[in-house]
Each structure stands twice: as structure tokens, then as C-alpha cells.
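Lettering follows sequence order; numbering is per chain, from 1.
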2 protein chains.
Amino acid sequence: MAEELIAGERRERRDVQRNMERVLQAAQELFAERGPDVKMEEIAQRAGVGVGTIYRRFPSKDQLFAAVREAVCQSTRHCLAQAADDTHDPLEQLRAIIMVQYRQSARQAALIDLRPNPADAPVNLDHPGLYASLHALLTRVIASGQRQGSVRDGDPLMLAAICLELLSPRTVQNLSRLVGDDVEAAADHVILFLSAGLAV
Amino acid sequence: MAEELIAGERRERRDVQRNMERVLQAAQELFAERGPDVKMEEIAQRAGVGVGTIYRRFPSKDQLFAAVREAVCQSTRHCLAQAADDTHDPLEQLRAIIMVQYRQSARQAALIDLRPNPADAPVNLDHPGLYASLHALLTRVIASGQRQGSVRDGDPLMLAAICLELLSPRTVQNLSRLVGDDVEAAADHVILFLSAGLAV
DNA sequence: TTTAACGCGGAATGATCATTCCGCTTTCAA
DNA sequence: TTGAAAGCGGAATGATCATTCCGCGTTAAA
């Protein structure tokens, strides 16, 4: 497993990767807690690093934010795909999706709005964002439920969009508060509600 | 109707009220379109006024924003109260409320999140904000529907909170896009959905 | 029409950050 | 152990606003 070093090349300094990880970790925590307006200074501080170090790897705050957001999206997408694979019953899939999204919400809060930015183009399922992924996934699940007769009629795109509105991190936070900040209990309420709203 | 002028008092200059109105109008439009981050300069410009003029009436940007938001809240609250008075059938009331909120959403977009700020105290129905008003109103309507048997069982506070998530300006905007930006059509979908989700 | 207030516009000010820069440290390889 | 390449911290810089200030224009009353 020894590293291949091309002639005249130097191994990467050990502190580089460590600092990189600390920065990403700190940025993820702070962005998730308080949104894109945290100061670079503060991120650097929590990472135990100077601001200059952040800029060595990320050309701008925007790009740091984008990187963090992308990492969180990736991870959520992965969990979602897995959840949807565990069963083929559409209503079960729906439940699994909701639960994943509710469990992930803490990592996403204030980092992902889960709604297309108003400036975005009209909803485009090829868009790489989490909203688009979830919307596409839910649309498929709902359409399949309709085919097998367990979900009522109606435009699957619209039904999926309505469901999605109940899955954004902010919504999760808000509903959870009503049941003593118990995210899973809130998810149960929403699952029940959506099952009824979608039933034949 | 002549104005009473106390000794040594001068009538208010005519341009004062006119400018005040222009400023409020411009601020409402811009805040609703693009949120609290619009520049004072830009508000002044759209109002056809210098920044100094804004500051003569509003000590700070925050207070201008608060004033505009309060005005919009008042107006919406008024429409809601009226809509809820037009009938005593809970499901009809629910429909009316949804329609009002959807119609008002353009004036609110980006100005009101319709969700308690995370920093807020736990949901408090005495809070003067629009979220609290709507939540209280919906809770009452749902509870009354349950009493007369047209709404299924479940904690009215939670059911109301779930409905509310489908009524925020951002949600309205988002769902409307799916039906060609037709706000009323989107409202119909949501009404149908909620009726099903709440039915016995 | 005149005049003293009163408001007005918008340049100047100050605060708050993102971003850059550079002398000092750490790390690697010999 | 040592030299130099690569990173590092954090002060300095510059941009972007909110807010203040003041000489000038308008207005209400006489």
C-alpha cells in the first residue's frame, strides 16, 4: 500500500488532511446550526485553525458552503436509496423515506431548505439537489402505489410535492417541538397523516 | 373636520405623509419579494426618496421591517377572521382559511416564514405572530370538527401544525409552480389533500 | 411674498465581514 | 540533523452596507 511518489514529488504533509477534516467538520456543524451566515472567523476558531487555512483549500465561503451541503446531500441520498430498497410495498417505502428524512434532519437544518430556491428553474428532476432527488423518489413511489391501487388518484408530481413540504428540516424541527422534541414521534404523526391523505 | 392646532403648533407638511406612504409601499414590495436583505438604498430609490427620509420615521432597518411585517400580518389576520366567520361547518372553514392564506401569500412571501423562529420560545398561542394566530384558529376548527365527528381523532395541536406546514408562503409558491403558477389551483389540491388526511 | 422651521437628499462615516498577504512554523526527505 | 518547500496564523485590506449629518430646498403661516 505504499504511496507512489513520482520523481521530485513530495508526500502530502500530515497536517493538511487533519486540518481539512477539522474544517469540514466545524463548517458542517455551524452551517447546520445557524445557516450560511456564520463568520469564517468562527468556523476557523471551532476548527482550531486560522482563516487562511480554510482559504488554502476552499477558494471562497460559497464554495465551502457548497462542499458541505453536497456532502450532506450525498449521505442523505444514500440513506434514502437504501430505505427505498428494503421493501417493495409503496406505503412501506413511503414510511421508510419519511423516517430517514426525519432522522437526517438535524444534520440538514439550516443547511438545506429542501425546497427549490425561488430563483431556480422550474422543478427539474435531473437537478442534483436533494429536493429533486426526493421529489423524484416520492413521485415514483406514489405512482407505483396508484398502479397497485393503494394510493388514491391524482397527479403524482403534485402529491409528491405536497408530501415533501412535510419533510423539510425546518418542518421536522417545528413538528418535533410539539411532541417534546422527539423526532421519531413527529415522524409517526406525519406518516399517519400522509397515509390517510394518500389512501384510496 | 378642521385640524385642531394647539398654540404654536404647525400643521404637518404635506410631503411627510406622502413620503411615508411611498416608503412603506416600497418596503413592503421589496421585503416581500426578496426578504430582509434588501438594501436601504434600494428601498429609498423605489420610494423615490433619499435614505435619510426613511430614517426620519424609522429608527432602524429592523424597525422598518417589523412595521411592514406587522401591517401584513394584521391584514391577513383580518381576512382569516372574516373567512372563518362565513360558515360554521368546520370543513368549510378549513377550506376558506386555506384559500385566504394562498391568496395572501404573494404579499407575505419572503416577509413571513409562517413558522416560529427556531430561537422563539416553545409555541405559545398568545404570541402575536401570524403563525400563532393561524395555529390557534386551525386548532379550534379541527377540534370542533372532531366534536361533530367530521374530523378523525388525533391531537388537534399536532394536526393543526401539520396543516400549517402546507400553508406557508414558500410552500404556496412552490406548489403553485407545479400547476402553472395558479395559486388557486394549488390551493384546491391542498384542500383536497387535507380533507382526506383529516377525514374520519 | 416673505420667512423661519422643517424635511430632504445623498455624501461621509463606521462597522462588519470576506478575502489576501507575508513572516514564521512545521514537515518531509536526505 | 538540516535545508527548503509547503502550510499556517492572523493582521491588514477592501467591499459592502446601515446609519448619521448637514447644507439646501419646501412648506406653512403671516
Side-chain angles (χ1 to χ4, degrees), chain A residues 1-31 33-69 110-111, chain B residues 1-31 33-69 110-111:
Chain A
M1 288 291 274
E3 295 269 358
E4 294 286 339
L5 284 191
I6 318 180
E9 196 168 326
R10 215 183 159 87
R11 193 188 310 273
E12 185 182 59
R13 282 173 57 155
R14 206 183 317 285
D15 45 359
V16 169
Q17 182 174 358
R18 189 201 41 176
N19 284 338
M20 187 71 156
E21 279 162 10
R22 285 182 179 179
V23 166
L24 278 171
Q25 175 69 25
Q28 178 171 134
E29 291 173 11
L30 286 170
F31 282 143
E33 282 167 23
R34 313 216 311 268
D37 286 348
V38 261
K39 288 178 273 190
M40 291 302 265
E41 186 72 39
E42 197 178 353
I43 297 175
Q45 211 162 358
R46 170 154 343 181
V49 132
V51 269
T53 301
I54 300 183
Y55 280 94
R56 182 164 311 281
R57 308 295 155 185
F58 300 96
S60 72
K61 184 183 185 178
D62 278 353
Q63 295 191 48
L64 171 61
F65 187 79
V68 168
R69 162 190 291 240
L111 183 59
Chain B
M1 288 291 274
E3 296 268 355
E4 295 286 340
L5 285 190
I6 318 182
E9 198 169 326
R10 214 183 159 88
R11 192 187 313 270
E12 185 181 62
R13 283 172 56 155
R14 195 163 311 113
D15 45 358
V16 169
Q17 183 175 355
R18 190 201 41 173
N19 284 337
M20 186 72 155
E21 279 162 11
R22 286 182 178 177
V23 166
L24 278 170
Q25 175 69 25
Q28 179 171 132
E29 291 172 12
L30 286 169
F31 281 144
E33 282 167 24
R34 314 215 313 268
D37 286 348
V38 261
K39 288 179 274 190
M40 291 301 266
E41 187 71 40
E42 197 178 353
I43 296 174
Q45 212 161 356
R46 170 152 346 179
V49 133
V51 269
T53 302
I54 301 182
Y55 280 94
R56 183 164 309 281
R57 308 295 155 185
F58 300 96
S60 74
K61 185 183 186 179
D62 277 353
Q63 294 191 48
L64 171 60
F65 187 79
V68 169
R69 162 189 290 240
L111 183 61

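Side-chain proximity of B:Val51 to D:dC8, D:dT20, C:dC8: nearest is D:dT20. With D:dA18, C:dC28, D:dG7 as the candidates, the nucleotide lying closest to the side chain of B:Lys61 is D:dA18. Of the listed nucleotides (C:dA11, C:dC8, C:dT27), C:dT27 has the atom at the smallest distance from the side chain of A:Arg13.
Looking at B:Lys61, its side chain does come within 3.5 Å of a backbone N or O of B:Pro36 through a donor-acceptor pair. Looking only at distances, a side-chain donor or acceptor of A:Arg69 sits under 3.5 Å from a matching main-chain atom of A:Leu111.
Residues from residues 36-50 of chain A lying near DNA chain C, meaning a heavy-atom separation below 4.0 Å, are A:Val38, A:Lys39, A:Met40 in numerical order.
When each of B:Tyr55 and A:Arg18 is assigned the nucleotide of DNA chain D bearing its nearest heavy atom, the one mapping closer to the 5' terminus is A:Arg18. Annotation: of the two residues near DNA chain C, A:Asp15 and A:Gly52, the 5′-most nearest-nucleotide partner is A:Gly52.
Atom-to-atom, CE of A:Met20 to P of D:dC8 comes out at 10 Å; the value is rounded to the nearest Å. A:Asn19 has its CG atom 13 Å from the P atom of C:dT26, to the nearest Å. Regarding A:Arg57, its CZ atom lies at a distance of 12 Å from the P atom of D:dA6, rounded to whole Å. Atom-to-atom, CZ of A:Phe58 to P of C:dT20 comes out at 15 Å; the value is rounded to the nearest Å. One interatomic measurement links the two molecules: CZ of A:Arg22 to C1' of D:dC8, which rounds to 13 Å at whole-angstrom precision. The distance between atom CZ of B:Phe31 and atom C1' of D:dA18, rounded to the nearest whole Å, is 12 Å. If you measure from atom CD of B:Glu12 to atom P of D:dA28, you get 10 Å, rounded to the nearest angstrom. B:Arg56 has its CZ atom 16 Å from the P atom of C:dA5, to the nearest Å.
Side-chain N/O atoms of A:Glu41 and A:Gln45 include no donor and acceptor closer than 3.5 Å. Side-chain contact check for A:Glu21 and A:Gln17: at least one donor-acceptor pair (N or O, by modelled atom type) lies under 3.5 Å.
Summary of helix geometry: the two end axes of the helix from C:dT1-D:dA30 to C:dA30-D:dT1, each defined by five base pairs via their C1' atoms, are inclined to each other by 20° (rounded to 10°).
Rounded to the nearest 0.5 Å, atoms CZ (B:Arg57) and CD (B:Gln63) are 14.5 Å apart.
Taking every heavy atom of both residues into account, B:Arg22 and B:Gly48 meet most closely at NH1-O, 4.1 Å. Closest of all the heavy-atom pairs between B:Ile43 and B:Val23 is CG2-O, 4.4 Å.
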Handout entry: side chain to side chain contact (heavy atoms under 4.5 Å, CB included) evaluation trace for A:Arg56 with A:Asn19
Key = CA-CA 11 Å; A:Arg56 182 164 311 281; A:Asn19 284 338; over 6 Å; no

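For B:Arg11, no side-chain nitrogen or oxygen approaches OP1 or OP2 of D:dT27 to under 4.0 Å.
Applying the ring-ring contact (aromatic ring centres under 6.0 Å, His included) criterion to B:Phe65, with sequence neighbours excluded, gives B:Phe31.
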